[in-house]
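Residue numbers run from 1 in the order of the sequence given. Just so it is clear, the structure is predicted and the values come from calculations on it, not from any experiment.
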Amino acid sequence: QQGGILRCDPDGRHLEIVSRGFRNPWDIAFDDQFNWLGTDNDQTQGDKIFASFFGAQFGWGHAWSYDWIGENHLPTVPASAKLFEGSGTGVIHYHAEQFPPEYRNVFFVNDWLRREMYAFRPRWDGALMRCDQEFPPVFAHAGGGRSMPASSGRVFEPTDLEVGPDGALYVLSWGHAYGATIKDGRQVDLGRVYRIRHEASPLIRWQGEHRRQPRQEWTLPQLLADLGSSVGAWRTDAQAELLRRGPPVREFLLNRLQDSEISMAEQTWALWTFGQLSPRDSATDQELVRRALDAGAPQNVRLQSIRILALRCRRPDRERSLPKELPQLLHDGEPRIRHEAVLVIHQTDDKSL
């Protein structure tokens with residue numbers, strides 16, 4: 001009797017549980033490194049902001065040792081911020097430059113009950129992502145709270161949210177009450193879609209000429225730029241086109257990965273695109289192993305290389321065996337690297353390790 005996070009292939013096959021121990025998880029989102037953050041609603045102890053990873057148990061419905069908070073409780077992953085009396089809903093990561101620096105590279109988290117939005121800036125506590133403060137500060141507020149059935153005042157009851165191609169935040173908002181409010185035969189309490197932008201920052205002019213052309217005609221730099229965009233569909237469409245072009249894009253991706261100006265999102269998505277170009281090619285495996293073991297490489301490159309190796313070794317058309325060098329990472333000086341190495345072994349079910 002517990003909620004969870006599941007994943008599957010695009011066609012629905014290979015459905016599996018990623019993490020569990022939730023009561024009422026509302027939303028999850030990933031940052032530019034594919035680190036996940038979400039919200040979960042409790043009945044009595046307070047809502048939770050959590051950072052999910054493969055195999056994690058977050059306490060609810062635990063078979064033999066229940067603990068909702070998880071601090072100093074080995075079976076349970078701790079919450080990533082202080083619990084709060086609200087109703088956590090939508091989550092999104094923001095990396096665009098259309099907000100001031102204090103609101104870049106943060107997660108925005110909606111609280112429907114308190115009618116607020118928080119700005120969660122991550123910090124790493126070993127291999128656990130936490131908020132850099134005890135609780136994330138308020139970014140937007142409706143000017144009043146609500147009971148569960150209704151609220152009054154400004155109509156800002158935030159549920160889900162997204163970053164638009166223009167660099168603004170788009171926020172879904174309920175009406176004031178459960179169900180429709182009818183006055184004189186008309187529905188008067190409508191939901192809203194809000195756009196939140198920074199007045200001093202020009203929005204992104206995203207409607208370039210190349211967007212009028214099929215992606216098959218785009219240049220490689222244009223596709224790479226979409227890998228780093230804030231729009232999920234653009235990232236996946238660009239990746240699909242690069243994969244369609246096949247091995248000829250390999251050198252382009254490897255060269256761009258050496259560029260010191262590449263963004264974190266472009267770096268992550270370029271690595272994952274490279275890692276899916278030749279699923280059964282041992283040379284690709286060795287290139288990823290080399291990057292994973294290179295203590296002088298950017299930490300994100302090492303993390304993604306380990307994760308991509310897990311995906312490649314789990315493919316049904318391959319034997320489920322990890323590169324022999326990978327156990328060296330269990331002794332790495334960086335806890336996040338050690339953690340990813342453990343997760344690879346867990347995901348591939350490699351009993352020899």
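Looking at heavy atoms from C-beta onward, Arg302 lies in side-chain contact with Leu329 at the 4.5 angstrom threshold. Within the 4.5 Å cutoff, the side chain of Arg215 has heavy atoms near those of the Trp234 side chain.
Between Tyr118 and Phe84, the ring-plane angle classifies as perpendicular under the 30° and 60° cut-offs.
Both Ile5 and Leu311 belong to a single network of hydrophobic side chains, linked directly or stepwise wherever heavy atoms of I, L, V, M, F, W or Y lie under 4.5 Å apart. Following chains of ILVMFWY side-chain contacts shorter than 4.5 Å, one cannot reach Ile337 starting from Met129, and the two form parts of different hydrophobic clusters. Leu353 and Leu309 fall within a single hydrophobic cluster, where Ile, Leu, Val, Met, Phe, Trp and Tyr side chains are chained together by heavy-atom contacts under 4.5 Å. Grouping the Ile, Leu, Val, Met, Phe, Trp and Tyr side chains by contacts below 4.5 angstrom, directly or via other members, places Phe30 apart from Phe107. Both Val289 and Leu277 are assigned to one and the same hydrophobic cluster, defined by single-linkage of ILVMFWY side chains at heavy-atom distances under 4.5 Å.
A salt bridge does not link Glu287 with Arg250: none of the charged nitrogens is closer than 4.0 Å to a carboxylate oxygen. Checked for salt-bridge contact, Arg235 and Asp32 miss the test: no charged N lies under 4.0 Å from a carboxylate O. A salt bridge does not link Asp166 with Arg197: none of the charged nitrogens is closer than 4.0 Å to a carboxylate oxygen. We find that Glu340 and Arg307 are joined by a salt bridge, their nearest charged nitrogen and carboxylate oxygen being less than 4.0 Å apart.
Annotation: His62 is not in aromatic contact with Trp60 [ring centroid separation under 6.0 Å not met].
Under a cutoff of 6.0 Å and an axis angle of 45°, Arg23 and Trp68 do not form a cation-pi pair.
Formation of a donor-acceptor pair under 3.5 Å by the Glu217 side chain with backbone atoms of Pro214 is not found in this model. Asp9 places no side-chain N or O within donor-acceptor distance of the main-chain N or O of Gly12, the cut-off being under 3.5 Å. Side-chain N or O atoms of Arg338 include one that pairs as donor or acceptor with a backbone N or O of Asp332 at under 3.5 Å. With hydrogens and angles ignored, the 3.5 Å screen pairs no side-chain donor or acceptor of Asn35 with any backbone N or O of Asp31. A donor-acceptor distance shorter than 3.5 angstrom exists from the side chain of Arg314 to the backbone of Gln347, with no hydrogens or angles considered. A donor-acceptor pair under 3.5 Å links the side-chain atoms of Arg312 to the main chain of Gly275, judged by distance alone. Side chain of Arg130 to main chain of Arg123: no donor-acceptor pair is present (N/O by atom type, distance under 3.5 Å, no hydrogens or angles). A side-chain donor-acceptor contact under 3.5 Å links Arg211 to the backbone of Trp206. No donor-acceptor pair closer than 3.5 Å links the side chain of Arg212 to the backbone N or O of Gln207. The main-chain N or O of Trp272 is found under 3.5 Å from a side-chain atom of Gln276 such that the two form a donor-acceptor pair.
Among Arg115, Arg114, Arg192, the single residue meeting the salt bridge (charged side-chain N to carboxylate O under 4.0 Å, His left out) criterion with Glu157 is Arg115. Checked against Asn110 for a side-chain contact (heavy atoms from CB on, under 4.5 Å), the options Asp27, Thr39, Thr89 give a single hit: Thr89. Residue Gln299 forms a side-chain hydrogen bond (donor to acceptor under 3.5 Å, both in side chains) with just one option from Gln33, Gln304, Arg336, and that option is Arg336. Just one residue in the list Asn41, Val91, Asp47 forms a side-chain contact (heavy atoms from CB on, under 4.5 Å) with Trp26, and that residue is Asn41. When each of Trp112, Trp174, Tyr194 is checked for a ring-ring contact (aromatic ring centres under 6.0 Å, His included) with Phe156, only Tyr194 meets the rule.
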Please lay out, stage by stage, how Ser19 and Ser52 fare under the test side chain to side chain donor-acceptor pair (under 3.5 Å). CA-CA 7 Å; Ser19 56; Ser52 174; 2.7 Å; yes
One pair to check against side-chain contact (heavy atoms from CB on, under 4.5 Å): Asp237 and Asp226. What are the steps and the verdict? CA-CA 8 Å; Asp237 285 348; Asp226 264 18; over 6 Å; no
Might you work through the side-chain contact (heavy atoms from CB on, under 4.5 Å) test for Arg256 and Leu220, ending with a clear yes or no? CA-CA 10 Å; Arg256 289 307 299 266; Leu220 292 176; over 6 Å; no
Stepwise, does the side-chain contact (heavy atoms from CB on, under 4.5 Å) test hold for Arg291 with Ile308? CA-CA 11 Å; Arg291 291 172 181 268; Ile308 296 165; over 6 Å; no
Derivation of the side chain to side chain donor-acceptor pair (under 3.5 Å) call for Thr273 and Gln239: CA-CA 6 Å; Thr273 306; Gln239 185 183 67; 3.2 Å; yes
Trace of the side-chain contact (heavy atoms from CB on, under 4.5 Å) decision for Ser173 with Val193: CA-CA 6 Å; Ser173 166; Val193 178; over 6 Å; no
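The CZ atom of Phe34 lies 12.0 Å from the NE2 atom of His93; values are rounded to the nearest 0.5 Å. Atom CZ of Arg20 is separated from atom CZ of Phe58 by 12.0 Å, given to the nearest 0.5 angstrom. In this structure, CZ on Phe53 lies 15.0 Å from CH2 on Trp36, to the nearest 0.5 angstrom. We find the CG-CZ distance between Asp285 and Arg280 to be 11.5 Å, quoted to the nearest 0.5 Å. In this structure, the separation between NZ on Lys82 and CD on Gln133 is 12.5 Å, given to the nearest 0.5 Å. To the nearest 0.5 angstrom, Leu161 atom CG is 6.0 Å from Leu169 atom CG.
Other residues, nucleotides and ligands contribute over 12 non-hydrogen atoms within 6.0 Å of the CD atom of Glu325. Asp11 CG: more than 12 foreign heavy atoms inside a 6.0 Å radius. Taking a 6.0 Å sphere around CG of Leu74, one finds it holds 12 or fewer heavy atoms contributed by other residues, nucleotides or ligands. Other residues, nucleotides and ligands contribute at most 12 non-hydrogen atoms within 6.0 Å of the CD atom of Glu134. In the displayed structure, Arg186 atom CZ is contacted under 6.0 Å by at most 12 heavy atoms of other residues, nucleotides or ligands. Within 6.0 Å of the CG atom in Asn72, the count of heavy atoms belonging to other residues, nucleotides or ligands does not exceed 12.
The two residues Phe120 and Ser80 come nearest to each other via the heavy atoms CE1-O, 3.7 Å. The two residues Ala310 and Val344 have their closest heavy-atom pair at CB-CG2, 3.8 Å. Scanning all heavy atoms of the two residues, the minimum distance from Gln98 to Gly167 falls at CB-O, 3.6 Å. Taking every heavy atom of both residues into account, Ala119 and Phe108 meet most closely at CB-CE2, 4.1 Å. The shortest heavy-atom contact between Phe274 and Leu253 is N-CD1, 3.8 Å. Closest non-hydrogen pair, Ala79 versus Lys48, comes out as CB-CG, 3.7 Å.
For the residue pair Asn300 / Thr268, a side-chain donor-acceptor distance below 3.5 Å is found, with atom types taken as modelled.
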